Amino acid sequence: MPNFIAKNVNFTPKDCGEISFFWEARGRQGVSLIYTKSSSEEFFITLKKRESDWVVKGEKLTKPAKIGLLQNALVKFKELYCDQILSEAIAVKNTRLTQKDSAIFSVGELLENLNQSEFDSKFIEIGFGSGRHLLFQAENNPNTLVIGIEVYKPSLEQVAKLAKAKNLNNVMLVNCDARLLLSLVESNFIDKIFLHFPVPWDDAPHRRVASAKFALECERTLKVGGKFELRTDSREYADFTLAQILDLSDADVQIYKNRDLKVSSKYEDRWKRHQKDIYDVIFTCEKQSEPRTGQGELKFENGYDVSKISAKFSNQTIKEDDFFLHLEEKYEKNDGEILIRAAFGAFNAPEHCYVLLGEKGAEYFIKKPLVTAENLKAHLALKEYLADAKNN
């Protein structure tokens with residue numbers, strides 16, 4: 001994460017046009033959030049006061065996919081507000097993406113474009129890494145929309161640049177949890193889903209992407225005849241995934257060992273040099289699924305008495321059978337509004353977010369959670385927690 005350490009920091013809001021710093025919200029543990037806009041992106045910069053200096057860096061949850069925007073904002077913040085820079089690790093490069101790139105989309109943008117797409121077919125690759133396989137599919141299937149889902153933001157940026165260099169207009173990349181995104185895709189809609197060399201989690205199988213629920217979502221979102229393809233060097237992961245697929249009502253499955261493909265990832269090259277076996281589990285969907293039904297909205301209808309919320313706030317977790325709500329931290333603004341940082345949703349695919357609350361209203365701030373069934377239940381639990389502070 002780009003950062004620097006300064007002897008002194010003296011912040012006041014400033015609108016600088018392309019890069020602006022709007023307000024500060026102070027937390028309980030000596031950490032402040034600076035609401036920042038750089039180009040089209042919104043995010044927080046964090047200030048942490050230590051005994052004799054300040055640590056200034058990008059906030060992890062809201063960090064933009066185009067990391068150059070954050071780097072430029074940190075440089076500007078340093079110039080405006082800081083003196084006696086003790087160390088820094090920002091390394092702004094002209095090659096960094098700083099403008100809107102056609103390959104990188106928010107979840108909302110991706111879903112909107114996906115539903116309006118006129119491409120003949122749609123592929124999804126989960127955890128595309130260096131992008132070799134994803135770019136190969138895009139190059140060799142020009143009439144197919146190839147969607148890449150990746151939680152590691154530097155990979156997102158790298159593959160976006162490669163897609164742009166290759167003039168590929170059929171690539172869409174998004175930074176999110178694949179399990180959440182699949183739950184929002186329409187039924188009978190996708191032609192292929194690739195999961196190549198996922199983290200095996202042999203010591204923690206509950207963390208694997210390929211859960212029983214994931215298998216059901218693959219079956220629902222795939223067209224009849226559509227395919228899910230796992231490729232892994234972990235025999236345990238292959239066996240685990242096969243077991244989830246065989247629990248489906250209909251299961252047409254092919255299994256291969258050490259099958260050669262036309263494209264090989266850097267991980268596969270490494271495993272082959274180590275003479276490790278490679279396993280393929282390929283599921284072909286035979287079921288016409290029911291249409292996906294709407295889940296509701298993540299909205300707040302009222303403003304709140306923030307003094308009541310502040311008085312009772314504590315780090316706490318509310319758990320139910322199929323969802324949770326964890327209230328993590330509270331930040332206070334000078335204008336009386338507060339921010340709450342929370343984690344919630346499904347236990348195996350939690351989301352993290354900020355909620356901005358004031359007397360006139362409340363909203364999820366910067367990053368709005370996806371409207372999944374678990375997130376909606378957690379949202380209702382959050383509204384219940386806030387109910388005694390609600391303004392009439």
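Numbering of residues begins at 1 and proceeds along the displayed sequence. Please read these numbers as outputs of a predicted model, since none were measured by experiment. Note that these values count all heavy atoms, side chains included, but never hydrogens, waters or copies made by symmetry.
Using modelled atom types and a 3.5 Å distance limit, the side chains of S183 and T372 yield no donor-acceptor pair. S155 and Q158 share no side-chain donor-acceptor pair at under 3.5 Å. In this model, a donor atom of one side chain and an acceptor atom of the other lie less than 3.5 Å apart for E24 and S32. For D233 and H274, the side-chain atoms include no donor-acceptor pair closer than 3.5 Å. Side chains of H133 and E125: a donor-acceptor N/O pair is present below 3.5 angstrom, by distance only. Looking at E351 and N375, their side chains do bring a donor and an acceptor atom within 3.5 Å of each other. Using a 3.5 Å distance cut-off with no hydrogens or angles, the side chains of S314 and Q316 do pair a donor with an acceptor. In this structure, a donor-acceptor pair under 3.5 Å is present between the side chains of D202 and S234. Between the side chains of K227 and T284, at least one donor-acceptor pair of N or O atoms lies under 3.5 Å.
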Hey, mind stepping through N115 and F189 against side chain to side chain contact (heavy atoms under 4.5 Å, CB included) and telling me if it holds?
CA-CA 9 Å; N115 292 334; F189 200 64; 4.2 Å; yes
Evaluation steps, side chain to side chain contact (heavy atoms under 4.5 Å, CB included), between Y279 and Y256:
CA-CA 6 Å; Y279 304 92; Y256 298 92; over 6 Å; no
Worked verdict on K287 versus D252 for salt bridge (Lys or Arg N to Asp or Glu O under 4.0 Å):
CA-CA 10 Å; K287 180 180 178 180; D252 180 349; over 6 Å; no
For K377 and D322: C-alpha separation, side-chain torsions, deciding distance, then whether salt bridge (Lys or Arg N to Asp or Glu O under 4.0 Å) applies.
CA-CA 9 Å; K377 291 177 181 179; D322 57 348; 2.4 Å; yes
Carefully, step by step, assess R220 and E217 under the rule salt bridge (Lys or Arg N to Asp or Glu O under 4.0 Å).
CA-CA 5 Å; R220 182 187 64 79; E217 284 296 282; 3.0 Å; yes
Check the pair D280 / R259 against salt bridge (Lys or Arg N to Asp or Glu O under 4.0 Å), numbers first and verdict last.
CA-CA 8 Å; D280 287 298; R259 182 176 65 138; 3.1 Å; yes
From CA spacing to verdict: side chain to side chain contact (heavy atoms under 4.5 Å, CB included), D191, T144
CA-CA 9 Å; D191 294 87; T144 295; over 6 Å; no
Going through the distances and angles, do E186 and T221 end up as a side chain to side chain contact (heavy atoms under 4.5 Å, CB included)?
CA-CA 6 Å; E186 298 300 328; T221 56; over 6 Å; no
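At a threshold of 4.0 Å, the pair K257-D277 counts as salt-bridged, since one of the basic side-chain nitrogens sits closer than that to a carboxylate oxygen. Note on K272 versus E268: salt bridge recorded, some NZ/NE/NH1/NH2 to OD/OE distance being below 4.0 Å. We find that R273 and D269 are not joined by a salt bridge, their nearest charged nitrogen and carboxylate oxygen being 4.0 Å or further apart. Of the charged side-chain nitrogens involved, none lies within less than 4.0 Å of a carboxylate oxygen, so that K299 and E301 do not count as a salt-bridged pair.
The only member of R28, R341, R26 that meets side chain to side chain donor-acceptor pair (under 3.5 Å) when paired with Y331 is R341. Each of L248, T241, V281 was compared with V253 under the side-chain contact (heavy atoms from CB on, under 4.5 Å) criterion, and only V281 meets it.
Around the NZ atom of K333, the shell of radius 6.0 Å holds more than 12 heavy atoms that belong to other residues, nucleotides or ligands. Heavy-atom contacts from other residues, nucleotides or ligands closer than 6.0 Å to NZ of K78 number more than 12. Within 6.0 Å of OH in Y152 there are 12 or fewer heavy atoms belonging to other residues, nucleotides or ligands. Under a cut-off of 6.0 angstrom, the local environment of NZ in K63 is crowded, with over 12 non-hydrogen atoms contributed by other residues, nucleotides or ligands.
Residues L356 and F313 are members of separate hydrophobic clusters, defined by side-chain heavy-atom contacts under 4.5 angstrom among Ile, Leu, Val, Met, Phe, Trp and Tyr. Hydrophobic clustering of Ile, Leu, Val, Met, Phe, Trp and Tyr side chains at less than 4.5 Å, counting indirect connections, unites I193 with L114. Under a hydrophobic clustering in which Ile, Leu, Val, Met, Phe, Trp and Tyr are joined whenever their side-chain heavy atoms come within less than 4.5 Å, directly or via other members, V55 and L74 fall into different clusters. Cluster membership check: I85 shares its hydrophobic cluster with V56, using side-chain heavy-atom separations under 4.5 Å among Ile, Leu, Val, Met, Phe, Trp and Tyr. By the rule that hydrophobic residues join a cluster once side-chain heavy atoms approach within less than 4.5 Å of another member, L80 and I90 end up as members of one cluster.
Annotation: the span from N302 atom CG to K390 atom NZ amounts to 5.0 Å, rounded to 0.5 Å. One distance of note links NZ of K276 with CG of N258; it measures 11.5 Å at 0.5 Å rounding. Taken from CD in E150 to CZ in F128, the straight-line distance is 5.0 Å, to the nearest 0.5 Å. Atoms CZ and CG, on F136 and N141 in that order, are 8.0 Å from each other to the nearest 0.5 Å. If you take NZ on K192 and CZ on F123, they are separated by 4.5 Å, rounding to the nearest 0.5 Å. Here the CD1 atom belonging to I126 is positioned 8.5 Å from the CG atom belonging to L181, to the nearest 0.5 angstrom.
Using a 4.5 Å heavy-atom threshold, the side chains of N3 and E88 count as separate. Contact annotation: the side chain of T317 never approaches that of L325 to less than 4.5 Å [non-hydrogen atoms, C-beta and beyond]. Put simply, the side chain of S310 reaches to within 4.5 Å of the side chain of E332, judged on heavy atoms. In this structure, the side chains of E59 and L33 come closer than 4.5 Å at one or more pairs of heavy atoms. The side-chain heavy atoms of I278 and F197, taken from C-beta on, include a pair separated by under 4.5 Å. Contact annotation: the side chain of F43 never approaches that of Y35 to less than 4.5 Å [non-hydrogen atoms, C-beta and beyond]. Side-chain atoms of E286 and V224, non-hydrogen and from C-beta on, never get closer than 4.5 Å to each other. A heavy-atom distance below 4.5 Å is found between the side chains of N113 and M172.
Aromatic rings from F324 and F347 are positioned such that their centres are separated by under 6.0 Å. Taking the six-membered ring for Trp, Y354 and F44 have ring centres closer than 6.0 Å. Remark: aromatic rings of F228 and F214 are close, center separation under 6.0 Å. Taking the six-membered ring for Trp and the full ring otherwise, F344 and H326 have centroids separated by 6.0 Å or more.
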Validation: residues 357-370 side-chain donor-acceptor distances under 3.5 Å, sequence neighbours left out:
from	atom 1	to	atom 2	distance (Å)
Y364	OH	H379	ND1	2.7

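A cation-pi contact links R207 to W201, judged by a cut-off of 6.0 Å to the six-membered ring centre and 45° from its axis. With Y385 as the aromatic partner, K312 meets the cation-pi criteria of under 6.0 angstrom to the ring centre and within 45 degrees of the ring axis.
The two residues T46 and G58 come nearest to each other via the heavy atoms OG1-O, 4.4 Å.
A distance-only check finds a donor-acceptor pair linking the side chain of N188 to the backbone of S289 [under 3.5 Å]. Distance alone, capped at 3.5 Å, places no donor-acceptor pair between the E41 side chain and the K37 backbone.
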